[in-house]
Peer 1: 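Here you go, one structure.
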Amino acid sequence: MSNERKTENIVRDALTKNGYYGSVSVLVEEQKSNIEDVKSLMKSASKSGGTGIGAPEFIISSPYAPDFLIVIECKANVKDHKSSSIDAILNGALIGESEEVKIKRVKRFAVDGAFHYAKALSKKFNVIAIGISGETKKQALLDTYLWPKGGDKPKVLCSKDGASLNGIISWADYIEHATFDPTVQKLRFDELMDFASELHDFMRDHAKLTESEKPLVVSGTLIALRNNAFAASYNVQTPAQLQKDWMRVIKEEISAASIPQAKKDNMAQPYSSIGVHPELGKASKAYPKGALFELIDRLNSKVWPFISVYHDFDVVGQFYGEFLKYTGGDKKALGIVLTPRHVTELFALLANANKTSKVLDICAGTGGFLISAMHRMFKSATTEAERTAIKSSGLVGVEQQPNMFALAASNMILRGDGKANLYQGSCFDDAIAKAIKAHQCDIGMVNPPYSQSDSDLHELRFVKHMLDCLKEKGVGIAIVPMSCALNADSLRAEILKEHTLEAVMSMPDQLFYPVGTVTCIMIFTAHIPHHVSNRKTWFGYWKNDGFVKTKNKGRIDQNLTWESIRNRWVEAFRNREVHPGESVMMHVDAEMEWCAEAYMDTDYALIQQQTYEAAVRDYAIYRMLGQTNSSNLEESDVVEVIGDDK
């Protein structure tokens, strides 16, 4: 006779082998849970229907990943492993099933039962649902799925490399694989940005911090939380003691980094004003432990788990960008436009960065390009020595603004890099220029300050300097305003005199929303004059990245289409593919326009009848009235829509 207890013992043995029992960071519960949210969600989740309490065989959780649960359902007979309805459930297509049939199914089958509980728990958790059947380890069947929080259906859980999970693995491994699921990543990012908005309000209302101090509190606290003693003791200190200790630990962590003392001083200095801020070191009725404690505690619970998993994510930069939404801030005063994360990832792919690359960013900002490049370089590294070499000598950055330099340096420290080659000062400074040239970088990435009134600080001046600092045949990539591609400028002639323009891609109009700058990406080969290369330049029309503008979150990859779009773009660029309406090859010089729109053939097959009629109507009104109608369509836009058939 089948004995389900034998199956449960197989699970216990596997959990023991993988360190679940006896761990202070993982809780294994059987048949019930003491977690309030779990108890609430299980109150009416009995497999028999009605209002009974649901009781999975195993419920596993951890305070270090509080948004995750593992539920395990066991059956003794392998014939009861999963029903024929599972494929329909995975496809979201199970219809017409009566309640009676459903109850029989979820009570009989292991996987179906796991789905039943996962669906209920997914209202507040990302649920890893495991169904296991069989009375011996040799005959046992096991399937692993993920039901994302708020999702309407489960999916097969694979490793982050795409391999199947055929057995029980450690909690850390489950969480690592699940957190790289695109749906979970998006959920966690959305929650992080919601938290950033809440944090901004708290900093404004209770901590009385300036706009420049807010991102420093975030980065400084994350650095301090790297210190185990501080992370364990910050909640028992008085407000005044905590503020002093916060500053002390930051200085210690910076001091421990293997960088010159002058750089340590430059990095620590911006945090000094926060270390003596009058509102942070005192108690209040609302917050008896002080505002700084609240900030530290919230960052510890909400952000630290995120940054410890997503090493390629510029958390500090994302918070900085979120804070900028509420003020004019640097984005108006200094032309600073932080690069969207998906664009920094795109740069690393276009440059084909690998473990032997040396990457330079002369306008490093918070370090977004360097972080994405490092993540890409790690993918080809196979040893710890190679990863150490990447962090110690493969990344070079320059940042002039002291506060921004501190943020960039903190980002490198948070990723375990004590030897990041970051320079504080103007990239045009002779000493800094000499130092960064000595690194012999073969990849350059830059998003220069925009809209500078000083002609010496024109965006193309930064592009040329970046190229000049690379080794011969190095790849230089820049994202600049479209005006740099359209307007004849002596700087373009200077660039082509020494470097080759390989490609230009027209980017989405609202890429930097809410900043209204229309941009393009330019790719060069360094120190090979354009006339010597004597080759055509590849132009791409990359106007649709799949992101959509939302009311509260800006532009987001709402439909998860970016990865496929990005891969198609990169493949087309690498192979110099020419497609009507998407790309074109053209010989150009410094006087010509550098954009796809100027040379690309219109793909008339893509034009719908109503689009053509609307364009002709708008153009006729434009010509008749001498001005645009309510759609604000310009003549050049009409030509682009209906094709230039002159």
Peer 1: Determine whether a donor-acceptor pair (N or O, by modelled atom type, separation under 3.5 Å) exists between the side chain of S380 and the backbone of K355.
Peer 2: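 Side chain of S380 to backbone of K355: a pair is present.
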Peer 1: Measuring only between side-chain heavy atoms, which start at C-beta, is M203 closer than 4.5 Å to L199?
Peer 2: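 Yes, side chains in contact.
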Peer 1: Considering all heavy atoms of both residues, which atom of R555 and which atom of P508 are nearest to each other, and what is their separation?
Peer 2: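 Scanning both residues, the minimum pair turns out to be NH2-CB, 3.9 Å.
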Peer 1: Determine yes or no for a side-chain-to-main-chain donor-acceptor pair under 3.5 angstrom, with T179 supplying the side chain and E176 the backbone.
Peer 2: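 Yes, because the side chain of T179 sits within donor-acceptor range (under 3.5 Å) of the backbone of E176.
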Peer 1: Answer yes or no: is there a donor N or O on one side and an acceptor on the other, between the side chain of S426 and the main chain of F428, under 3.5 Å?
Peer 2: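 The answer is yes, because a donor-acceptor pair under 3.5 Å joins these two groups.
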Peer 1: Please confirm whether the ring centroid of H499 lies under 6.0 Å from the ring centroid of H527.
Peer 2: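 Distance test on ring centres: under 6.0 Å, yes.
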Peer 1: Would a 4.5 Å heavy-atom cut-off, applied to side chains only, mark E252 and F230 as touching?
Peer 2: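 A side-chain contact is absent here, since even the closest heavy-atom pair is not under 4.5 Å.
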Peer 1: Between atom CE of M505 and atom SG of C595, what is the distance when rounded to the nearest 0.5 Å?
Peer 2: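 Answer rounded to 0.5 Å: 13.5 Å.
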Peer 1: Within the structure provided, determine whether L467 and E498 are in side-chain contact (heavy-atom separation under 4.5 Å).
Peer 2: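 Sidechains of E498 and L467: no contact.
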Peer 1: On the 0 to 90° scale, with breaks at 30° and 60°, tag the Y271-W246 ring pair as parallel, tilted or perpendicular.
Peer 2: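 The rings of Y271 and W246 stand perpendicular, inter-plane angle above 60°.
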Peer 1: Check whether any side-chain N or O of H465 sits under 3.5 Å from a backbone N or O of A433 as a donor-acceptor pair, and report yes or no.
Peer 2: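 No: the side chain of H465 does not pair with the backbone of A433.
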Peer 1: Treating N227 as the side-chain partner and V249 as the backbone partner, does any N or O pair qualify as donor plus acceptor under 3.5 Å?
Peer 2: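 Judged by distance alone, no pair lies under 3.5 Å.
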Peer 1: Any luck finding a side-chain donor-acceptor pair between H342 and D545 under 3.5 Å?
Peer 2: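 Yes.
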Peer 1: Supply the atom-to-atom distance S219 OG to K214 NZ, rounded to the nearest 0.5 angstrom.
Peer 2: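 That separation rounds to 14.5 Å.
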Peer 1: Is the cationic atom of R576 (NZ for Lys, CZ for Arg) positioned less than 6.0 Å from the six-membered ring centroid of F573 and within 45 degrees of its normal?
Peer 2: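 Yes, R576 sits over the ring of F573.
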Peer 1: Side chain to side chain contact (heavy atoms under 4.5 Å, CB included) between M193 and F189: does it pass, once the steps are laid out?
Peer 2: CA-CA 6 Å; M193 290 300 96; F189 174 73; 3.5 Å; yes
Peer 1: Can you tell me if E597 and S506 form a side-chain donor-acceptor pair at under 3.5 Å?
Peer 2: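 The criterion, which ignores hydrogens and geometry beyond distance, is satisfied for S506 and E597.
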Peer 1: Does H531 form a side chain to side chain donor-acceptor pair (under 3.5 Å) with D589? I'd like the steps, not just the answer.
Peer 2: CA-CA 9 Å; H531 73 277; D589 58 31; over 6 Å; no
Peer 1: Dump the intermediate steps for side chain to side chain contact (heavy atoms under 4.5 Å, CB included) on C520 and V480, then the final yes or no.
Peer 2: CA-CA 6 Å; C520 63; V480 294; 4.0 Å; yes
Peer 1: How close do L395 and M377 get, heavy atom to heavy atom, and via which atoms?
Peer 2: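 In terms of heavy atoms, the two residues are closest at CD2-SD, 4.1 Å.
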Peer 1: Taking the side chain as every heavy atom from C-beta outward, state whether L422 and L370 have any pair of such atoms under 4.5 Å apart.
Peer 2: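 L422 vs L370: side chains touch.
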Peer 1: Tell me, do E502 and R535 make a side-chain contact under 4.5 Å, heavy atoms counted?
Peer 2: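 Side chain of E502 against side chain of R535, heavy atoms only: contact under 4.5 Å found.
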Peer 1: Nearest 0.5 Å, please: how far is CG in D468 from CD1 in I362?
Peer 2: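 I362 CD1 to D468 CG: 9.0 Å, rounded to 0.5 Å.
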Peer 1: Can you name the closest pair of heavy atoms from A348 and S372 and give their distance?
Peer 2: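 Minimum heavy-atom contact is CB-O, 3.9 Å.
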Peer 1: To the nearest 0.5 Å, what is the distance between CG (L295) and CG (L209)?
Peer 2: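 Output value for this atom pair is 7.0 Å.
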Peer 1: Is there a side-chain contact between F539 and M600, using heavy atoms and a 4.5 Å cut-off?
Peer 2: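 Of all side-chain heavy-atom pairs linking M600 with F539, none is under 4.5 Å.
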Peer 1: Take K434 and D430, measure what salt bridge (Lys or Arg N to Asp or Glu O under 4.0 Å) needs, and give me the verdict at the end.
Peer 2: CA-CA 6 Å; K434 182 178 179 180; D430 289 341; over 6 Å; no
Peer 1: Atom OG in S483, atom NE2 in H458: separation rounded to 0.5 Å?
Peer 2: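 Answer rounded to 0.5 Å: 6.0 Å.
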Peer 1: Within the distance-only criterion (no hydrogens, no angle test), does the side chain of D509 pair as donor or acceptor with the backbone N or O of V518 below 3.5 angstrom?
Peer 2: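 Here the side-chain-to-backbone pair does not exist.
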Peer 1: Quick one: closest heavy-atom pair of V446 and C363, and the distance?
Peer 2: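 Taking every non-hydrogen atom into account, CG2-SG, 3.9 Å.
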Peer 1: Can you name the nearest heavy-atom pair linking V570 to L346, along with the distance?
Peer 2: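 So the two residues come closest at CG2-CD1, 3.8 Å.
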Peer 1: Is the backbone of V396 close enough, under 3.5 Å, to the side chain of Y423 for a donor and an acceptor to pair up by distance?
Peer 2: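 Absent.
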Peer 1: Could you please spell out the steps behind the side chain to side chain contact (heavy atoms under 4.5 Å, CB included) verdict for Y599 and E593?
Peer 2: CA-CA 9 Å; Y599 311 110; E593 292 184 341; 4.0 Å; yes
Peer 1: How about I390 and F378: do any of their side-chain heavy atoms sit closer than 4.5 Å?
Peer 2: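 Sidechains of F378 and I390: in contact.
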Peer 1: Donor-acceptor check, side chain of T339 to backbone of T344, threshold 3.5 angstrom: yes or no?
Peer 2: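 Such a contact is absent between T339 side chain and T344 backbone.
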Peer 1: Can you establish whether the number of heavy atoms outside K251 located under 6.0 Å from its atom NZ is more than 12?
Peer 2: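 12 or below, so no.
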Peer 1: Taking the basic N atoms (NZ, or NE/NH1/NH2) and the acidic carboxylate oxygens, is any pair closer than 4.0 Å for E191 and K302?
Peer 2: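 Salt bridge between E191 and K302, a charged N being under 4.0 Å from a carboxylate O: no.
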Peer 1: Out of curiosity, I223 CD1 to S410 OG, how far, rounded to the nearest 0.5 Å?
Peer 2: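 That separation rounds to 4.5 Å.
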Peer 1: Which pair of heavy atoms, one from T356 and one from N354, lies closest together, and at what distance?
Peer 2: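 The answer is OG1-OD1, 2.6 Å.
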Peer 1: Within the 4.5 Å heavy-atom criterion, are D489 and C484 side-chain neighbours or not?
Peer 2: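 No. Closest side-chain heavy atoms not under 4.5 Å.
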Peer 1: Got a donor-acceptor contact below 3.5 angstrom from the R492 side chain to the M592 backbone?
Peer 2: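 Checking the backbone N and O of M592 against the side chain of R492, a donor-acceptor pair under 3.5 Å is found.
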Peer 1: Cut-off 3.5 Å, side chains only: do T210 and S212 have a donor facing an acceptor?
Peer 2: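 Short answer, yes.
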Peer 1: Using the six-membered ring wherever Trp is involved, compare the ring planes of W542 and W569 and label them parallel, tilted or perpendicular (cut-offs 30° and 60°).
Peer 2: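 Judged by the thresholds at 30° and 60°, the geometry between W542 and W569 is parallel.
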Peer 1: Run the side chain to side chain contact (heavy atoms under 4.5 Å, CB included) check on I479 and F512 step by step: do they pass?
Peer 2: CA-CA 11 Å; I479 185 162; F512 286 94; 3.8 Å; yes
Peer 1: Please determine whether a side-chain nitrogen of the Lys or Arg among E494 and K497 lies less than 4.0 Å from a carboxylate oxygen of the Asp or Glu.
Peer 2: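 Answer for the salt bridge query: no.
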Peer 1: Side chain of E399, backbone of G365: donor and acceptor closer than 3.5 Å?
Peer 2: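 A pair under 3.5 Å: yes.
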